Amino acid sequence: MDLQSFINIRPDSEFPIQNLPYGIFKPRDGATRAGVAIGDLILDLSLLEELGHFRDVTSQQIFSSDSLNVFMALGRPSWKKTRDILQRLLSAETATLRDNAELRARVFHKQSEVTMQLPARIGDYTDFYSSYHHAHNVGTMLRGPENALMPNWKWLPVAYHGRASSIVVSGTQVKRPRGQTKPPDANSPVYGPSKSLDFELETAFFIGPGNSLGHPVSIDKAEDHIFGIVLMNDWSARDIQTWEYQPLGPFLAKNFCTSISPWVVTLEALEPFRKGLPAQDRPPLSYLKHAADFTFDIQLEARLQTAKMTEPQTITRTNFRNLYWSIAQQLAHHTVNGCNLQPGDLLASGTISGPTEESRGCMLELTWRGANPLKLGSGEIRKWLEDGDTVSITGYCQGDGYRIGFGEVNGRIISA
Ligand code: MN
């Protein structure tokens, strides 16, 4: 990659000039605002906006805000223009910031000195179930390998509507939920803290421009409505889920907390890592058929650190390409009935499991419902998450001499 910044960026940094993910942050002394990550720094977009750098993009105030919703609503031509402006300003060839120490001191913040917040006001949140291996593993546990997949699974991207109010930014502690469960050998349910708390390794994408009620988005236009992608941990209480989920699906087992990473990586940054979507086992119905459907090569990993461990241990490695349904198919399906999506809505992948035991995306699968507990390097074992455990999920795309990273989403379990 020829593009170089005047900023000193470590070769293994997740935030080179080719990435420029957007986030919302609060400096120690100042209002919450938008920025992009560059190396270990954040470029303050609200200040650049004040100085008139985005006049060609829009006359609206977009970055002196505690959410990216207005920017997300502008659409791809504006996002591309903004990215061009930022890459030019950060380029080693441009003097504007490079040669102005006083301005640099004002527009850059150290990431270590700010508080990251949710990138958007999330109006609605949907969680898909789009990894074949996850659906197959869970189905095998519930119904056996012959009936692992429900008859609809290869015809449509299955999903449920989640809850937006309990989505939190990385670093937020996760309080073990209480609720109703029924032990298998008991005649009636009991109330108390969940005993089988789990994580789910996922990604999620933010909706840019929405669609109006009654007007589906065709699959070939789906990409125009996708702003960017974050990492997600869909914390799940399996014992609550087992007892409550029939017949309407997940409810209190899922809506007590969902964590996302603070930096939204744009589709522009992911472009070099675009891959064709593999042929699907059933030819999709016409509204799900894309002339050139795509996925991205994003390596994903989850780590677990118990209170006794001095460093986290990797417990699974998987890839975004393990998703059977594409994000364009998810979006087209979500709107095919006329459902209106809005800027800042979040559409998640579902647990991303790969074909091997080492690439399973949640404890339910990794321990096969507790039958094969994880043996940790500390000598501890885990069937499920315990209080004091921290789960962190990371992801990146490896380019030639650079890396497009997602940062991290982490959360520590605290007692009920
Ligand atoms: Mn999920």
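All ligand and atom numbering here is 1-based and tracks the order in the structure. Just so it is clear, the structure is predicted and the values come from calculations on it, not from any experiment. Computed over heavy atoms, backbone and side chain alike; hydrogens, waters and symmetry mates excluded.
- Applying the ring-ring contact (aromatic ring centres under 6.0 Å, His included) test to residues at least two apart or on different chains, none of the pairs has a partner in residues 232-252.
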side-chain contact (heavy atoms from CB on, under 4.5 Å) assessment of Leu346 paired with Ile260: CA-CA 10 Å; Leu346 193 67; Ile260 63 171; 4.0 Å; yes
Just distance, no hydrogens or angles: give the donor-acceptor pairs under 3.5 Å from side chains in residues 366-373, sequence neighbours left out.
from	atom 1	to	atom 2	distance (Å)
Thr367	OG1	Met363	O	2.9
Thr367	OG1	Gly370	N	2.8
Arg369	NH1	Met141	O	3.4

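- Remark: the Gln280 side chain and the Gln329 side chain contain an N/O donor-acceptor pair separated by less than 3.5 Å.
- Under 2.8 Å from the Mn ion (ligand 1), one finds the following protein N/O/S atoms: Asp127 OD2, Glu200 OE1, Glu202 OE2, Asp234 OD2.
- His134 meets the ring-ring contact (aromatic ring centres under 6.0 Å, His included) test with Tyr129; sequence neighbours excluded.
- The closest side-chain donor-acceptor pair between Thr394 and Glu408, if any, does not fall under 3.5 angstrom.
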